[in-house]
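Beneath this line is the structure, given in structure tokens, with notes to follow.
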Amino acid sequence: RLAEDHEKARRLAALAGEASGARVVAPETNILFVHFSTPVAQLLATRLEEEGIKASVMGEKALRFVSHKDVTLEDCEAAGRSLIKASKAL
């Protein structure tokens, strides 16, 4: 089960890397950190939350995502696509 959560984090990481200004820290667990070149973390988190996606703001330039049993691979893919869309709209 834990291996599935790690795979979901890796899939989200692959998509998050396509977001504008994003630098992804390759996940070793079910936790993913995405750093941005500009202070957009709060704005992106707000836009993601409007779509039902939870991300923790880690300072002005980073977001943290956590995959777990209640998050499907499809949810992670949708979150990645939403992050790309939101980042390109800034």
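Here, residue 1 is the first one in the sequence, and each next residue gets the next number.
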Open item on the list: Could you check whether E50 pairs with R47 (Lys NZ or Arg NE/NH1/NH2 to Asp/Glu carboxylate O, under 4.0 Å)?
Closed with: no
Task: Ionic contact status for E77 with R11, cut-off 4.0 Å - done: yes
Kindly compute the distance separating [atom1] ([X]) from [atom2] ([Y]), expressed to the nearest 0.5 Å.
{"X": "E18", "Y": "R81", "atom1": "CD", "atom2": "CZ", "answer": "11.0 Å"}
{"X": "E7", "Y": "C76", "atom1": "CD", "atom2": "SG", "answer": "9.5 Å"}
{"X": "T38", "Y": "K61", "atom1": "OG1", "atom2": "NZ", "answer": "7.5 Å"}

Open item on the list: In the structure I gave you, are the side-chain heavy atoms of M58 and R64 within less than 4.5 Å of one another anywhere?
Closed with: yes
Open item on the list: What I'd like to find out is whether the side chain of R10 reaches to under 4.5 Å of the side chain of P27, using heavy atoms alone.
Closed with: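 Of all side-chain heavy-atom pairs linking P27 with R10, at least one is under 4.5 Å.
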- [ ] Considering non-hydrogen atoms only, spot the tightest contact between S20 and S87 and give its length.
- [x]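 Where S20 meets S87 most closely, the heavy atoms are N-OG, 2.9 Å.
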Open item on the list: Restricting to non-hydrogen atoms, name the atom on A22 and the atom on A16 that form the minimum distance, rounded to 0.1 Å.
Closed with: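 Residues A22 and A16, closest heavy atoms: CB-O, 3.5 Å.
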Task: Whichever hydrophobic residues join L48 through chains of side-chain contacts under 4.5 Å - done: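 For the cluster that includes L48, the remaining residues are L12, V24, L32, V34, F36, V40, L43, L44, I53, V57, L63, F65, L83, L90.
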Task: Listed partners of T29 passing side chain to side chain contact (heavy atoms under 4.5 Å, CB included), at least two apart - done: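 With neighbours one apart ignored, the set is H6, I31.
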Open item on the list: Under the rule for side chain to side chain contact (heavy atoms under 4.5 Å, CB included), what residues qualify as partners of E60, not counting sequence neighbours?
Closed with: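 Side chain to side chain contact (heavy atoms under 4.5 Å, CB included) list for E60, sorted by chain: P39.
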TODO: Verify, without hydrogens or angle tests, whether S67 (side chain) and K8 (backbone) share a donor-acceptor contact under 3.5 angstrom.
DONE: no
Open item on the list: Please determine whether residues L73 and V66 belong to a single hydrophobic cluster, defined as Ile, Leu, Val, Met, Phe, Trp and Tyr linked transitively by side-chain heavy-atom distances below 4.5 Å.
Closed with: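 Result: no, two separate clusters.
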